[in-house]
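For reference, the structure is listed below as structure tokens.
If you read the sequence from its start, that first residue is 1, and numbering goes on from there.
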Amino acid sequence: MRYMILVKANADTEAGVNPGPEIFEAMGKLNEEMVNAGVLLAGEGLHPSREGARVVHKDGRNVVVDGPFAETKELIAGFWMLDVKSLDEAVEWANKVPGMQEGENLEIRRVFEIEDFPADAFPPEAAAREQELRDRIANR
């Protein structure tokens, strides 16, 4: 099962403040541990929202809203994508994340797999097409 660990933004990440070298080193060690365990599919930090945009569907059309965005608690500062056996295993990895500050949290969400959808909602031909796209991405 794939799970995404979402790192929530805070005032520092939105201000573009980088963590100290000790946190970068600890994150590198955690990433290496996850790679060695065969569970890390991807993991990245994100630039502050002032460098981003939102596409909002309003009045029947899409409207682009440039960052920054005011509500930091709703923003994502980074993520890890893991392939693990259970939510409990994803939580175990999340508990190893260094540099957490008082009140900060990580959100862990399971990623939908093709087989999670009922056949009438995701017909076999659409599922096959989706799987073929996933295979192409994996083989890039």
Side-chain angles (χ1 to χ4, degrees):
M1 288 181 271
R2 292 179 302 155
Y3 281 88
M4 182 173 272
I5 299 174
L6 301 166
V7 180
K8 300 296 185 95
N10 60 32
D12 283 346
T13 60
E14 276 299 285
V17 175
N18 288 312
E22 66 285 343
I23 298 298
F24 276 121
E25 185 167 330
M27 287 285 192
K29 287 180 180 177
L30 175 61
N31 290 340
E32 184 174 6
E33 186 180 349
M34 289 190 284
V35 167
N36 291 341
V39 301
L40 184 63
L41 299 174
E44 306 293 340
L46 302 175
H47 282 270
S49 69
R50 70 175 176 268
E51 297 181 34
R54 286 185 175 157
V55 177
V56 180
H57 192 78
K58 186 176 180 178
D59 298 326
R61 64 185 187 93
N62 290 340
V63 177
V64 177
V65 179
D66 292 325
F69 309 119
E71 281 298 320
T72 351
K73 66 181 181 177
E74 296 176 6
L75 299 176
I76 304 298
F79 70 92
W80 285 277
M81 178 72 77
L82 305 182
D83 186 2
V84 294
K85 292 178 179 65
S86 66
L87 174 59
D88 288 341
E89 187 179 352
V91 169
E92 286 177 33
W93 286 109
N95 278 327
K96 295 181 179 187
V97 171
M100 296 281 293
Q101 302 293 319
E102 183 68 29
E104 289 183 333
N105 67 82
L106 301 170
E107 185 174 329
I108 304 168
R109 305 275 300 275
R110 186 165 170 223
V111 177
F112 274 104
E113 303 293 348
I114 294 169
E115 55 272 5
D116 292 331
F117 296 99
D120 61 336
F122 206 164
E125 59 277 1
R129 187 172 53 249
E130 180 66 22
Q131 187 59 54
E132 190 267 331
L133 290 173
R134 289 180 184 201
D135 291 345
R136 284 174 45 198
I137 291 167
N139 292 322
R140 276 200 287 167

Quiz item: Can you check whether Gly67's main-chain N or O pairs, donor with acceptor, with Arg54's side chain at less than 3.5 Å?
Solution: no

Quiz item: Are the side chain of Asn95 and the backbone N or O of Glu92 linked by a donor-acceptor pair below 3.5 Å?
Solution: no

Quiz item: Is the Phe122 ring parallel, tilted or perpendicular to the Phe117 ring (thresholds 30°, 60°)?
Solution: perpendicular

Quiz item: Taking side chain as C-beta onward, heavy atoms only, is Leu87 less than 4.5 Å from Arg110?
Solution: no

Self-check item: salt bridge (charged side-chain N to carboxylate O under 4.0 Å, His left out) involving Glu32 - partner list, sequence neighbours excluded
Solution: none

Quiz prompt | Partner residues of Met100 under the side chain to side chain contact (heavy atoms under 4.5 Å, CB included) criterion, sequence neighbours left out | solution = Val97, Glu104, Leu106

Quiz item: Should the pair Arg134-Glu130 be classified as a salt bridge under the 4.0 Å nitrogen-to-oxygen rule?
Solution: yes

Quick one: side chains of residues 17-26, donor-acceptor pairs under 3.5 Å with protein atoms, not counting sequence neighbours, listed by atom name and distance.
none

Quiz item: Hey, are the side chains of Lys8 and Leu75 touching, using non-hydrogen atoms and a 4.5 Å cut-off?
Solution: no

Quiz item: When you measure from the side chain of Ser49 to the backbone N and O of Gly52, does any donor-acceptor pair fall under 3.5 Å?
Solution: no

Quiz item: Between Arg136 and Glu132, is there a side-chain N and carboxylate O pair less than 4.0 Å apart?
Solution: yes

Quiz item: Can you tell if the side chain of Glu33 reaches within under 4.5 Å of the side chain of Trp93, non-hydrogen atoms only?
Solution: yes

